[in-house]
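Scope of the values below: all heavy atoms of this structure, side chains included, with no hydrogens, waters or symmetry mates.
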Amino acid sequence: MSANRTLRTLMMPLAFAMTLSVGSAAELNPAAVIYKLPDQIPWGPVDARGAQSAVVVGDPAKPGFYMVYNKWTKGNHFSHPHFHPNDRYIVVLKGTWWVGSGPKFDPDKGTVPMPVGSFVTHFGKQVHWDGAKDEDAVLLIMGEGPATATEAEEK
């Protein structure tokens, strides 16, 4: 048997299998699994602070568990010192997120960089602030609502 014929013989089943896998996507039972692809996630507009968010689960304005994506856009966009009533748990998904604590706002000297994969806890009623410097930072924030923010006075 020639090398070309052997190659064709081996490739035919592989090509057939690839055609079947591409042509028949699985149907998921919506009672068992629901999902949103990245382009289906409803991001809100960028606010005056340079932040943008998308609610993934729950409603952060109401009591109960919630998850939101939050994007801090590059360009030294930061929140100012504030606190929340409940603990919040944050995972850095993209970029570098800069985190500060206490009532003194100083993004240049008072922040610590959190690279991709970092896990941060904001404890309830404790003053913090955060944002992005020279690259966008995308976060997954989880907690118990309501997720109100109270501005802290600088001392």
Side-chain angles (χ1 to χ4, degrees), residues 14 17-155:
L14 181 59
M18 288 175 52
T19 302
L20 286 177
S21 67
V22 170
S24 60
E27 293 290 328
L28 297 176
N29 177 353
V33 176
I34 62 168
Y35 62 92
K36 288 185 182 178
L37 298 174
D39 64 345
Q40 298 169 324
I41 295 173
W43 286 87
V46 176
D47 65 20
R49 302 169 304 154
Q52 185 178 20
S53 64
V55 176
V56 180
V57 172
D59 183 345
K62 296 179 181 175
F65 180 75
Y66 69 88
M67 290 174 57
V68 297
Y69 286 135
N70 192 67
K71 180 194 290 185
W72 284 101
T73 57
K74 65 182 176 182
N76 285 319
H77 291 121
F78 279 85
S79 63
H80 283 273
H82 65 281
F83 60 90
H84 307 283
N86 303 312
D87 295 351
R88 292 163 45 115
Y89 308 98
I90 303 105
V91 178
V92 180
L93 302 175
K94 178 182 174 186
T96 301
W97 182 43
W98 295 82
V99 177
S101 63
K104 183 170 174 42
F105 180 70
D106 185 355
D108 293 328
K109 297 178 185 169
T111 57
V112 175
M114 300 293 152
V116 170
S118 296
F119 179 80
V120 176
T121 301
H122 283 163
F123 292 107
K125 300 177 186 72
Q126 297 300 311
V127 177
H128 63 275
W129 43 279
D130 44 62
K133 292 186 179 184
D134 54 4
E135 64 180 327
D136 291 349
V138 178
L139 317 170
L140 177 61
I141 302 174
M142 299 159 276
E144 290 290 323
T148 58
T150 302
E151 293 292 320
E153 293 184 28
E154 189 170 325
K155 295 178 182 178

For the atom pair NZ (Lys94) and CG (Leu139), what is the distance rounded to the nearest 0.5 Å? 12.0 Å

Grab the two heavy atoms, one from Asp130 and one from Val99, that are nearest each other, plus how far apart they are. CB-CA, 4.1 Å

Taking the side chain as every heavy atom from C-beta outward, state whether Phe78 and Lys133 have any atom pair closer than 4.5 Å. yes

In terms of heavy-atom contacts, does CD1 of Ile34 have more than 12 from other residues, nucleotides or ligands at under 6.0 Å? no

More than 12 heavy atoms from other groups under 6.0 Å of CZ on Phe119: yes

Over all heavy atoms of both residues, which pair between Pro81 and Gly102 is shortest? Give the atoms and the distance, please. CB-O, 3.8 Å

At their closest point, which heavy atom of Glu144 faces which heavy atom of Phe65, and how far apart are they? OE1-N, 3.5 Å

If the plane angle is over 60° it's perpendicular, under 30° parallel, otherwise tilted; pick one for Trp43 and Tyr69. parallel

Drop me the distance from Thr111's OG1 to Phe105's CZ, to the nearest 0.5 angstrom. 9.0 Å

Calculate, to the nearest 0.5 Å, the distance between atoms CH2 and CG belonging to Trp129 and Asp106 respectively. 6.0 Å

Should His80 and Arg49 count as side-chain neighbours, where that means a heavy-atom distance under 4.5 Å? no

Output for pair (Thr121 OG1, Phe123 CZ), nearest 0.5 Å, gives 5.0 Å

Drop me the distance from Gln52's CD to Asn70's CG, to the nearest 0.5 angstrom. 9.0 Å

Heavy-atom pair of closest approach, residues Pro146 and Asn86: O-ND2, 3.7 Å

Glu151 side chain to His82 main-chain N or O, any donor-acceptor pair under 3.5 Å? no

Is there a side chain to side chain contact (heavy atoms under 4.5 Å, CB included) between Asp134 and Lys74 once you walk through the steps? CA-CA 5 Å; Asp134 54 4; Lys74 65 182 176 182; 5.7 Å; no

Between His122 and Ile90, is any pair of side-chain heavy atoms under 4.5 Å apart? yes

Go through the steps for Met142 and Val91 under the test side chain to side chain contact (heavy atoms under 4.5 Å, CB included), then give the verdict. CA-CA 9 Å; Met142 299 159 276; Val91 178; 4.1 Å; yes

Taking every non-hydrogen atom, the tightest pair across Gly50 and His77: CA-CG, 3.7 Å

Can you name the closest pair of heavy atoms from Arg88 and Ala147 and give their distance? NH1-CB, 4.0 Å

Could you give the distance from OG1 (Thr73) to CD (Glu135), rounded to the nearest 0.5 Å? 12.0 Å

